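Order of appearance sets the numbers: ligands from 1, and atoms from 1 within every ligand. Every value quoted in this text rests on a predicted model; they were computed, and no experiment measured them.
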Amino acid sequence: MNDKTNAQQWSENIGSTGRALLDEWGPQIDATSDLAELDRIRVGLIGKSGVLTQKLRELPTLPPEKRRDAGLELNTVREILEKKLSDIKLKLESIEFDNILKQEYLDVTLPCRPQQAGKRHLLTQISDELTLYFCSRGFKVFEGPEVDTEFHCFDGLNMPAHHPARQEQDTLYIKDAPGKLLRVHTSTMQIRAFSTCGLPIRGISIGSVFRNDAVDATHTPLFHQIEGFVAEPGITMAHMKYCLLDLLSFLFKVDLCEMAERGEDIPVRFRPSFFPFTEPSVEIDCCCSRGNDELKLSMDGTWMEILGCGMIHPNVFKNCGVESFADGTPAQGFAFGIGIERIAMLKYGVTDIRHFYDGDMRWLQHYG
Ligand code: PHE
């Protein structure tokens with residue numbers, strides 16, 4: 001066991017050269033009050049062509065009998081000065097941090113000045129607009145948990161165990177809670193609403209959904225969806241088509257009746273698609289072009305996918321224990337799902353999904 005203190009060992013190893021170095025550089029380091037200055041000292045001492053580095057580099061040229069002691073001495077000096085540099089660096093960093101805290105101190109108890117008042121986030125704004133729109137058309141709002149079960153997220157929605165979306169690379173499962181996960185879509189709310197409220201039903205649900213995606217300009221692990229569902233006797237795909245055309249005309253501020261009078265069609269296409277919980281399934285694309293600050297529906301723009309929808313699969317009703325209406329006719333209806341960020345990005349020309357979550361006040365002031 002080594003019972004000598006570092007200081008004892010150091011003083012034994014250090015001769016006149018080491019002492020001179022310590023006397024020259026030690027006080028300089030101690031006197032520094034600025035991080036940039038401290039770094040200049042570090043470079044001058046132990047940088048690539050620093051004084052101490054040079055001396056260490058010369059060691060192999062010394063006669064063998066002197067080399068060992070000189071090496072020990074220089075390395076001890078280096079150890080002492082490096083420790084000093086890092087101690088002072090920590091001290092200066094903490095002073096700098098305290099200064100920043102003092103400068104940026106915000107008294108949250110002060111009354112707010114009008115020009116500093118916050119604005120509603122673009123996503124909240126669009127969610128509120130959509131809620132109002134659907135409520136005025138007789139839809140009820142359903143809210144449900146973000147941590148949900150495999151049954152509500154997959155099995156109930158006719159997505160069998162081998163379905164790719166259930167793989168861990170897409171779905172975030174909760175550790176130590178078997179069968180629990182972060183919902184990958186708001187379609188979970190179809191299952192919850194049908195099984196708790198029965199039929200007929202007309203509802204929407206807006207909320208966060210989660211996918212195991214790496215963050216880039218078009219993906220974030222958390223985003224928002226609105227789910228809509230209508231199950232009433234006599235509901236057909238034609239109702240779904242009208243409902244969604246009307247929604248798009250609301251979102252893009254076009255008047256369907258005026259367009260019809262002018263003999264124009266809304267530039268929308270219904271493309272066959274596949275979702276396990278709807279049959280037939282459809283994806284809707286809009287043809288959009290940019291005008292001023294907002295996106296406009298127009299035939300000479302580019303086609304963009306905007307939402308997924310379809311007629312609710314009979315198995316979904318069966319899984320919720322609602323196979324028929326009160327009059328005995330089989331359960332039928334349609335459902336749709338839309339990404340809120342997607343609408344916001346299309347409508348307001350937001351090019352990077354990360355902006356929604358940056359919390360940048362200038363962005364919020366502009367878009368809020
Ligand atoms: N849940 C689907 C998705 O996340 C969207 C959808 C909802 C499609 C309802 C059809 C019906 O992509």
- [ ] Would you mind running through ligand 1 and noting each atom that sits below 4.0 Å from a heavy atom of Ser187?
- [x] 1 (N), 7 (C)
Open item on the list: Taking 4.0 angstrom as the limit and counting only heavy atoms of Gly337, give me the atoms of ligand 1 inside it, by number and element.
Closed with: 5 (C), 6 (C), 7 (C), 9 (C)
TODO: With heavy atoms under 4.0 Å as the rule, classify the contact between Phe336 and ligand 1 as side chain, backbone, both or neither.
DONE: backbone
TODO: Name the closest protein heavy atom to atom 12 (O) of ligand 1, giving the residue it belongs to and the distance to 0.1 Å.
DONE: Phe275 CE2, 4.0 Å
Task: Mode of Cys309 contact toward ligand 1 - side chain, backbone, both, neither (heavy atoms, under 4.0 Å) - done: backbone
Task: Separation between CG of Asp23 and CD of Gln28, rounded to the nearest 0.5 Å - done: 12.0 Å
Open item on the list: If we only consider heavy atoms of Phe277, is any one of them less than 4.0 Å away from an atom in ligand 1?
Closed with: yes
Open item on the list: With a 4.0 Å cut-off on N to O distance, would you call Asp39 and Arg42 a salt bridge?
Closed with: yes
Task: Per-atom contacts, ligand 1 versus Gln225 - under 4.0 Å to a heavy atom - done: 3 (C), 4 (O)
- [ ] Look at Arg354 together with Asp352 and state whether they make a salt bridge at an N to O cut-off of under 4.0 Å.
- [x] yes
Task: Atoms in ligand 1 with a heavy atom of Gly308 nearer than 4.0 Å - done: 6 (C), 8 (C), 10 (C)
Open item on the list: Please confirm whether the ring centroid of Phe194 lies under 6.0 Å from the ring centroid of Phe277.
Closed with: no
Task: Nearest-contact summary for atom 11 (C) of ligand 1 - protein heavy atom, Å - done: Ala335 O, 3.6 Å
Open item on the list: Does the plane of the ring in Phe356 sit parallel, tilted or perpendicular to the ring in Trp363? Use 30° and 60° as the thresholds.
Closed with: perpendicular
Task: Arg271 atom CZ, over 12 foreign heavy atoms within 6.0 Å - done: yes
Open item on the list: Tell me the closest heavy-atom pair linking Gly156 and Asn319, and the distance in Å.
Closed with: O-ND2, 2.9 Å
Task: Close N or O approach (Gln190, ligand 1; < 3.5 Å) - done: no
TODO: Answer whether the closest heavy-atom distance between the side chains of Thr278 and Val316 falls below 4.5 Å.
DONE: no
Open item on the list: Show the atoms of ligand 1 that are less than 4.0 angstrom away from any heavy atom in Thr278.
Closed with: 11 (C)
TODO: Please work out whether the ring planes of Phe154 and His185 are parallel, tilted or perpendicular, with thresholds of 30° and 60°.
DONE: tilted
Open item on the list: With heavy-atom distances below 4.0 Å as the criterion, list the atoms of ligand 1 near Glu227.
Closed with: 7 (C), 9 (C)
Open item on the list: Below 3.5 Å, N or O to N or O, backbone or side chain included: is there any such pair between Arg211 and ligand 1?
Closed with: yes
